[in-house]
*Asks:* 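Got a structure here, written out as structure tokens. Questions coming.
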Amino acid sequence: MMQIKAPRGTYDILPNDSAKWQYIEKIMKDTAEIYGYREIRTPIFEHTELFERSVGESTDIVTKEMYTFVDKARRSLTLRPEGTASCVRAFIEHGVYSGLMPVKWYYNGPMFRYDRPQTGRYRQFHQFGVEVFGSSSPYADAEVIMLLAEIMTRLKLTDYELHINSVGCSLCRNAYQQKLIDYITPLRAALCRDCQLRYSKNPLRVLDCKTKSCQEAIEGFPTIYDSLCAECREHYSAVRDVLEHSNVSYIHDDNLVRGLDYYTNTAFEVHLPGIGAQSAVGGGGRYSGLVAECGGPDIPGVGFALGMERLLLAVETLTDVDLNRFQSGVDVFIAVMDDKYEPQAVRILHQLRQADIKAEKDYVGRSARAQMKYADKLGARVVVLLGEEEVLKGFFTLRNMQNGEQVQVKSQDLVHNINRILLVD
RNA sequence: GUGGAUGUAGCUCAGCUGGUCAGAGCACCAGAUUGUGGCUCUGGGGGCCGUGGGUUCGAGUCCCAUCAUCCACCCCA
């Protein structure tokens with residue numbers, strides 16, 4: 001019989017690893033809450049149409065990466081490939097816009113994209129993201145970026161590169177796009193295969209192409225920045241001003257276009273060179289028309305998403321943070337020297353746990369010696385010895401596993417004495 | 001979707017040109033220490049060598065297919 005393994009591009013997070021996840025998740029969640037964001041949890045699948053409309057028909061995500069299936073009632077559903085669409089849907093569906101604005105949300109959870117796996121890229125991966133609805137102020141853009149920068153700092157990943165650009169509003173973007181089409185059309189034959197397609201589907205993406213021939217073809221073409229309307233230009237420079245005043249360093253990147261169709265004005269990406277080919281750990285931007293596009297009122301938004309797997313990889317390889325120290329161990333082990341005192345051991349175990357002490361005992365009939373070894377491997381700092389002598393004379397023997405000292409304590413002083421040893425460091 | 005590398009015990013890996021090649025280290029269990037850990041020593045369990053075909057008297061070892069992992073492209077998180 002063929003062994004069943006986790007599906008391609010998916011993996012298990014075993015307890016030793018989940019402790020590491022909890023560490024970075026806590027940093028992100030705590031930071032977002034300090035910035036005034038509250039958690040939203042949305043379904044992991046949505047109507048396929050939601051992503052087609054929001055992410056964009058021409059994007060890689062929609063054209064080839066979605067996990068789409070038909071359910072028993074013949075609905076077309078899709079495992080979410082990103083988080084913003086669901087937030088927008090929920091924002092509209094619950095009329096959240098009729099309450100206090102702006103609305104600031106964060107989320108964390110699995111996303112799904114049918115892609116070829118490699119380091120830092122999985123079919124089920126995890127994103128932590130935030131969205132701000134209801135403010136078109138450049139300060140909102142800046143806040144979101146500052147939150148992102150703060151998270152990176154708290155993760156001790158300070159060597160990140162923040163690339164930002166403005167893709168303009170629908171007006172100046174469309175005008176620019178038309179100019180680009182006019183410019184490229186005669187050079188079309190020189191473009192790479194992929195760009196031939198981009199040419200017709202999303203010409204702006206040609207700017208982002210890494211192929212030499214395409215880079216040369218677009219060389220000298222005015223940047224989108226130069227084509228921004230006065231309003232968009234002002235918005236962008238305001239965002240940059242805030243970042244500069246806040247000492248958030250960034251790189252203005254004329255070629256940054258982003259793969260999702262809904263972005264307007266500010267777009268940004270965070271890279272960590274040093275974690276492999278998939279160095280983008282996060283990205284985001286402003287999306288002015290998205291809520292309206294999805295059937296809601298004309299309310300703007302800004303947000304970002306961070307890739308948890310890539311950040312974890314980065315913390316492990318790029319920082320000196322020892323993620324293994326977050327493993328939760330055992331404080332106290334109860335070693336039973338004679339089977340007949342098992343019931344009493346269970347009572348003590350319960351008593352210690354009632355006192356919030358992480359306590360454990362053996363359940364597989366180990367010898368006294370084996371129990372000590374076991375206690376040591378579990379990382380127990382104190383062992384309570386329970387044998388004939390203790391029972392007859394009415395005390396417990398406490399062994400401090402750090403220094404080997406043993407003391408005899410009365411039953412009623414047990415918790416107190418254990419805590420005294422545990423509190424030492 | 002394209003190209004390349006790899007797939008032997010829970011983990012990291014040896015196994016040269018096909019014929020004791022089913023191994024090592026770590027981990028796990030037990031004993032030395034029958035009421036006591038960390039060191040040491042001794043012993044033990046565990047693998048149909050990713051899967052399915054083929055070549056051969058004989059295949060971890062060669063060929064094909066398939067699945068999976070890794071690397072790069074693409075793209076992104």
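In what follows, chains are A, B, ... by sequence order, proteins preceding strands, each numbered from 1.
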*Asks:* Does Asp254(A) use its side chain to pair, donor to acceptor, with the backbone of Thr223(A) at less than 3.5 Å?
*Replies:* no

*Asks:* Determine the contact category for Gly9(A): base if any of its heavy atoms lies under 4.0 Å from a base atom, sugar-phosphate if only primed atoms, P, OP1 or OP2 are that close, otherwise nothing.
*Replies:* sugar-phosphate

*Asks:* Could you spell out the base pairing of RNA chain B as a dot-bracket line? Use Watson-Crick and G-U wobble contacts where both distances are under 3.5 Å, [ ] for crossing pairs, | for partners on a different strand.
*Replies:* (((((((..((((.....[...)))).(((((.......))))).....(((((..]....))))))))))))....

*Asks:* Using atom P in both nucleotides, what's the gap between G15(B) and G7(B) to the nearest angstrom?
*Replies:* 11 Å

*Asks:* In whole Å, what is the span from the CG atom of Leu378(A) to the P atom of U36(B)?
*Replies:* 19 Å

*Asks:* Could you walk me through whether Val130(A) and Phe304(A) pass the side chain to side chain contact (heavy atoms under 4.5 Å, CB included) check?
*Replies:* CA-CA 6 Å; Val130(A) 310; Phe304(A) 69 72; 3.5 Å; yes

*Asks:* Do the side chains of Glu65(A) and Arg116(A) get close enough for a salt bridge, i.e. N-O under 4.0 angstrom?
*Replies:* no

*Asks:* With sequence neighbours left out, which residue pairs that include part of residues 305-323 of chain A fulfil the salt bridge (Lys or Arg N to Asp or Glu O under 4.0 Å) condition?
*Replies:* Lys20(A)-Glu316(A)

*Asks:* Syn or anti for G47(B), given that syn means the glycosidic angle lies within 90° of 0?
*Replies:* anti

*Asks:* With the side chain of Ala280(A) defined as its heavy atoms from C-beta on, choose the nearest nucleotide among A68(B), U36(B), C76(B).
*Replies:* C76(B)

*Asks:* Provide, to the nearest angstrom, the distance between the NZ atom belonging to Lys64(A) and the C1' atom belonging to G1(B).
*Replies:* 7 Å

*Asks:* Nearest whole angstrom, please: distance from the C1' of G37(B) to the CG of Asp376(A).
*Replies:* 4 Å

*Asks:* Looking for any heavy atom pair under 4.0 Å, which part of the strands does Leu306(A) touch: base, sugar-phosphate only, or nothing?
*Replies:* nothing

*Asks:* Atom pairs under 3.5 Å, N or O on each side, protein against nucleotides 28-31 of chain B: can you list them with distances?
*Replies:*
| unit_1 | atom_1 | unit_2 | atom_2 | d |
| --- | --- | --- | --- | --- |
| C29(B) | OP1 | Arg366(A) | NH1 | 3.0 |

*Asks:* Is there a donor-acceptor contact under 3.5 Å from the side chain of Gln327(A) to the main chain of Asn16(A)?
*Replies:* yes

*Asks:* Expressed as a whole number of Å, how far does the C1' atom of G1(B) sit from that of A9(B)?
*Replies:* 37 Å

*Asks:* Can you tell me how far P in G52(B) sits from the matching atom in U20(B), rounded to whole Å?
*Replies:* 23 Å

*Asks:* Measuring only the C1' atom in each nucleotide, how far is A14(B) from G25(B)? A whole number of Å is fine.
*Replies:* 10 Å

*Asks:* What's the separation between atom OG in Ser227(A) and atom CZ in Arg173(A), rounded to the nearest 0.5 Å?
*Replies:* 13.0 Å

*Asks:* What nucleic acid atoms does Ala335(A) come within less than 4.0 Å of, heavy atoms only: base, sugar-phosphate, or nothing?
*Replies:* nothing

*Asks:* Within this structure, what is the CZ-to-C1' distance between Arg381(A) and G38(B), rounded to whole angstrom?
*Replies:* 16 Å

*Asks:* Answer yes or no: is there a donor N or O on one side and an acceptor on the other, between the side chain of Ser135(A) and the main chain of Ser137(A), under 3.5 Å?
*Replies:* yes

*Asks:* What pairs with Thr158(A) under side chain to side chain contact (heavy atoms under 4.5 Å, CB included), at least two apart in sequence or on another chain?
*Replies:* Thr153(A)

*Asks:* Tell me, which of residues 389-399 of chain A have any heavy atom that sits under 4.0 Å from an atom in RNA chain B?
*Replies:* Glu389(A), Glu390(A), Arg399(A)

*Asks:* On RNA chain B, nearest-nucleotide positions of Gln127(A) versus Gly404(A): which is more 5'?
*Replies:* Gly404(A)

*Asks:* A side-chain contact here means heavy atoms from C-beta on lying under 4.5 Å apart; do Val391(A) and Lys340(A) qualify?
*Replies:* no

*Asks:* On the side chain of Arg310(A), is there an atom forming a donor-acceptor pair with the base of C76(B) - under 3.5 Å, no angle test?
*Replies:* yes

*Asks:* Would one find a side-chain N or O of Gln118(A) under 4.0 angstrom from OP1 or OP2 of A72(B)?
*Replies:* yes

*Asks:* Using every non-hydrogen atom in the two residues, find where Arg123(A) and Arg8(A) come nearest and quote the distance to one decimal.
*Replies:* CD-O, 3.3 Å

*Asks:* Nearest 0.5 Å, what's the CE-CG distance between Met28(A) and Leu148(A)?
*Replies:* 8.5 Å

*Asks:* Both Gly283(A) and Gly387(A) contact RNA chain B. Which one's nearest nucleotide lies toward the 5' end?
*Replies:* Gly387(A)

*Asks:* Students often get this wrong, so: under 4.0 angstrom with heavy atoms, is Glu82(A) touching a base, only sugar-phosphate, or nothing?
*Replies:* nothing

*Asks:* Looking for any heavy atom pair under 4.0 Å, which part of the strands does Gly120(A) touch: base, sugar-phosphate only, or nothing?
*Replies:* base

*Asks:* Provide the distance between the two P atoms, one in G50(B) and one in U42(B), to the nearest whole Å.
*Replies:* 32 Å

*Asks:* Measure distances between side-chain N and O atoms of Gln371(A) and base N and O atoms of U36(B), and say whether any donor-acceptor pair falls under 3.5 Å.
*Replies:* no

*Asks:* Quick check for you: among A77(B), C76(B), G37(B), whose closest atom lies nearest to any side-chain atom of Gln278(A)?
*Replies:* C76(B)

*Asks:* Applying side chain to side chain donor-acceptor pair (under 3.5 Å), name anything that partners Lys361(A), two or more places apart in sequence or on another chain.
*Replies:* Glu342(A)

*Asks:* Once the angle between the rings of Tyr11(A) and Tyr122(A) is folded into 0 to 90°, is it parallel (under 30°), tilted (30 to 60°) or perpendicular (over 60°)?
*Replies:* tilted

*Asks:* Nearest whole Å is fine: how far is U36(B) P from Phe333(A) CZ?
*Replies:* 15 Å

*Asks:* From CG of Asp115(A) over to C1' of C73(B), roughly how many Å is that when rounded to an integer?
*Replies:* 12 Å

*Asks:* When rounded to the nearest Å, what value does the distance between C1' atoms of C63(B) and U55(B) take?
*Replies:* 7 Å

*Asks:* Figure out the NZ/P separation between Lys5(A) and G7(B), and round it to whole Å.
*Replies:* 13 Å

*Asks:* Taking G58(B) as the reference, what is the distance to C41(B) when you measure between their P atoms (whole Å, please)?
*Replies:* 45 Å

*Asks:* Between C1' on A77(B) and NE2 on His126(A), what's the gap in Å once rounded to a whole number?
*Replies:* 12 Å

*Asks:* Just compare A72(B), A77(B), U36(B) and give me whichever is closest to any side-chain atom of Met372(A).
*Replies:* U36(B)

*Asks:* Check each of Glu143(A), Lys104(A), Lys29(A) against Tyr37(A) using the side-chain hydrogen bond (donor to acceptor under 3.5 Å, both in side chains) test, and report the only one that passes.
*Replies:* Glu143(A)

*Asks:* For nucleotides U6(B) and C49(B), find the distance between their C1' atoms and express it as a whole number of Å.
*Replies:* 14 Å

